[in-house]
Structure formats: C-alpha cells, structure tokens
Amino acid sequence: MYTQYENDYEAIIGEFLRSTRQELGFTIAQMQNLVDVSKKTWIEMEKGERNIKLHLIFWWAFSMGLSPYHYMAQTDYSKPLKLNKYKNLDQIKWCLLINRLAKKDLKQLAQMIKDVTGYSFSVPLENMYITYAQRNTMYQYVHSQDFYDNSGSVILDHLESSGKTQVTLASELGMSERNLRRIIYGLHQCNNVYFPRFYELTGQPPLKSIKNKTHFKLRNLVEERVDLVADLFKNTSKKQLNAVYKDAQQLENDPKWMQWFS
C-alpha cells in the first residue's frame, strides 16, 4: 500500500536535512551536536541510508523551527496527506530565518518587512520567539519515555475507537504485530516512516501525540509561525520578500539557540 510513497522516502528526507543545513551554513559537526549522533550516522541520514528514529527527526524539526509536516511534504506523502502549505521551499526558508533570530532581531525583521512591503503581522513577531529554557523543555520531553508512551497511546486510542485488532492494524501499517505492540506500550523507538503511514491511515496528525499542555503549546507555536509566513507570502510580492530576506542575512543567529550546536 505504501510502496508508491516510500520508494525514495529516506533519500528525500536526507536531501532535505542536507539542504536545510547548508541554507543555515552549518557544518556536519554542528548537526551532530544538535541531534546527538555520530558523524557516520548523520552522514548516513543525509544520504538517505538510515531509517531515522522518530524522536530524532522530531527534535531536529522543532530545533529548526519546522513542523514534522515540512519534511513529510517533500516526499510523495504530500499527495495523500494534503500537505501543500508545507511544501513551498521559499516559505521554509522564512521559517528557518524566524527561528534562528533573537527576540530583538525578530522585532527588527518585522519592521524591515513593514518598511519594504507595508505588511504588518497579525501578532508581534517577537511573540514567536522560543527561549533556551523552552527548547530544553522540549528536548527533555522528546528524549524521554513519555514521548514514545504518548505516541503509542494515540495508536491504542485508534484501536479502541475503530474496533480493529492489533493484527489488522499491524497488517495495514506494514509491520509485525510484535513491533506494533511494542510501539503501543512505548517499548520501541519506531522509525519516522511509520508516522506518515499512521497519519494517512487514520487521519491522526503528529500533533495529537503531545498530551502535555506545555509541550503542545511549544509545538503549536511552530505551526503558528508557519501560518504567519503563509499569510506574509499571500499578501506581499516575491520580489519584495526576496529583498527583505537578502537584507536579513546580516542579522546574526541567536546566541542562545546556537548553544545547541556546540
């Protein structure tokens, strides 16, 4: 069932990891520090030669200021999951830009946009800032047992509401019943490819797996940024935005954010 979407799934995600790193001007060593993997593992991830664990790519996406939908949208899953608003690479660059700036620079960026385009955000752009402490809160969650317990509970909820057996669902997801059972009870760090499979099958988006209000709010903040960027693109010209984006490259990376890469 999923072969048509997954033939090049890991390779496409790997290319997305690489292009994002290069857009930000980061080294492989810096990405190793962020994701806490070996150089060999990161290189294999970029080459699409490794099945990436769900918590690793979830943390990577959050750290980049991106949604899990962004990397899924680059694959053929963009078709059945209707992820078009996450597919635009220019908008992704703006998400990366907003994420890398300090709070004071977000305010300056908003003024730069207003001066060139006349556009004002519906909420102050500096409200989209994520502090080091908030990032650490998400890091602790993603690397805890709670992350996989919550992901498993979403699957369990689906089984109870649908009346399906574990055997049936395992077959539909293309995995063994044993692995499904281990995922349900948080005993297995599943590969990220099972996430879009489950999402397509059930309509349950990744956000549903976060039940803690603090973590949900942080994760949702990334989605709010995506909507702000989409509205920015809708109400300004590409030429104007390109001019602002070019000038914004002079704004330095947030030192607090950069601590994650050293």
Above 12 or not: heavy atoms from other molecules or residues under 6.0 Å from [atom1] of [X]?
X      : atom1 : answer
Lys85  : NZ    : yes
Lys256 : NZ    : no
Lys87  : NZ    : yes
Glu252 : CD    : no
Tyr185 : OH    : no
Asp36  : CG    : no

What pair of heavy atoms forms the shortest contact from [X] to [Y], and how long is it?
X      : Y      : result
Ser63  : Arg135 : O-NH1, 3.7 Å
Lys39  : Gln32  : N-NE2, 3.0 Å
Tyr86  : Ile92  : O-CD1, 3.6 Å
Ala248 : Arg100 : O-NH2, 3.3 Å
Trp59  : Val35  : CD1-CA, 4.4 Å
Asp76  : Gln4   : OD2-O, 3.5 Å

Using a distance-only test with no angle check, is there a side-chain donor-acceptor pair under 3.5 angstrom linking [X] and [Y]?
X      : Y      : value
Asp90  : Tyr245 : no
Tyr77  : Glu6   : yes
Asn51  : Tyr194 : no
Tyr129 : Gln134 : no

Under 3.5 Å, is there a donor-acceptor pair between the side chain of [X] and the main chain of [Y]?
X      : Y      : value
Thr137 : Ala133 : yes
Gln145 : Gly186 : yes
Asn235 : Asp231 : yes
Gln108 : Lys104 : no

In the structure I gave you, are the side-chain heavy atoms of [X] and [Y] within less than 4.5 Å of one another anywhere?
X      : Y      : answer
Met112 : Leu251 : yes
Tyr119 : Gln240 : no
Leu34  : Met64  : yes
Asp227 : Glu224 : no
Glu10  : Asn192 : yes
Trp94  : Leu109 : yes
Glu177 : Ser171 : no
Met175 : Cys190 : no

Flag the pair Lys103 and Asp254 as a salt bridge only when some basic side-chain nitrogen lies within less than 4.0 angstrom of an acidic carboxylate oxygen. no
Pairing of Glu46 and Arg18 as salt bridge, 4.0 angstrom limit: no
Inset, instruction - Could you label the plane-to-plane angle of the Trp60 and Phe16 rings as parallel, tilted or perpendicular, counting under 30° as parallel and over 60° as perpendicular? - result: perpendicular
query: Parallel under 30°, tilted from 30 to 60°, perpendicular over 60°: which one fits the rings of Tyr132 and Trp260?
result: parallel
To the nearest 0.5 Å, what is the distance between [atom1] on [X] and [atom2] on [Y]?
X      : Y      : atom1 : atom2 : value
Leu156 : His158 : CG    : NE2   : 11.0 Å
Ile183 : Ser151 : CD1   : OG    : 9.0 Å
Gln91  : Lys234 : CD    : NZ    : 11.5 Å
Thr27  : Asn33  : OG1   : CG    : 7.5 Å
Thr41  : Arg50  : OG1   : CZ    : 4.0 Å
Asp149 : Leu187 : CG    : CG    : 8.0 Å

Only one of Ile12, Leu81, Ile13 passes side chain to side chain contact (heavy atoms under 4.5 Å, CB included) with Met72, and that residue is Leu81
List the steps and the verdict of side-chain contact (heavy atoms from CB on, under 4.5 Å) for Lys238 and Asn242. CA-CA 6 Å; Lys238 184 174 182 179; Asn242 285 344; 3.7 Å; yes
I would like to know whether Phe58 and Phe195 meet ring pair (Phe, Tyr, Trp, His ring centres under 6.0 Å); could you show each step before the answer?
CA-CA 11 Å; Phe58 192 98; Phe195 224 38; 7.5 Å; no
ask   = Is the Tyr71-Tyr69 ring centre distance short of 6.0 angstrom?
value = no
*Going through the checks in order, is the side-chain contact (heavy atoms from CB on, under 4.5 Å) test met by Thr20 and His70?*
CA-CA 11 Å; Thr20 300; His70 277 123; over 6 Å; no
Q. Mind checking whether Leu125 and Val116 sit in one hydrophobic cluster, side chains of I, L, V, M, F, W, Y counted as touching below 4.5 Å?
A. yes
Side chain to side chain donor-acceptor pair (under 3.5 Å) test vs Tyr148 passes for just one of Arg182, His55, Gln189, Lys53, namely His55
| request: For side-chain contact (heavy atoms from CB on, under 4.5 Å), just list the numbers for Met45 and Met31, CA-CA rounded to whole Å, side-chain angles, deciding distance to a tenth of an Å, and then say yes or no. | output: CA-CA 11 Å; Met45 287 166 61; Met31 301 312 298; over 6 Å; no
Set out, in order, the CA-CA distance, both residues' side-chain angles and the distance that settles side-chain contact (heavy atoms from CB on, under 4.5 Å) for Asn88 and Val229, then state yes or no.
CA-CA 11 Å; Asn88 187 288; Val229 169; over 6 Å; no
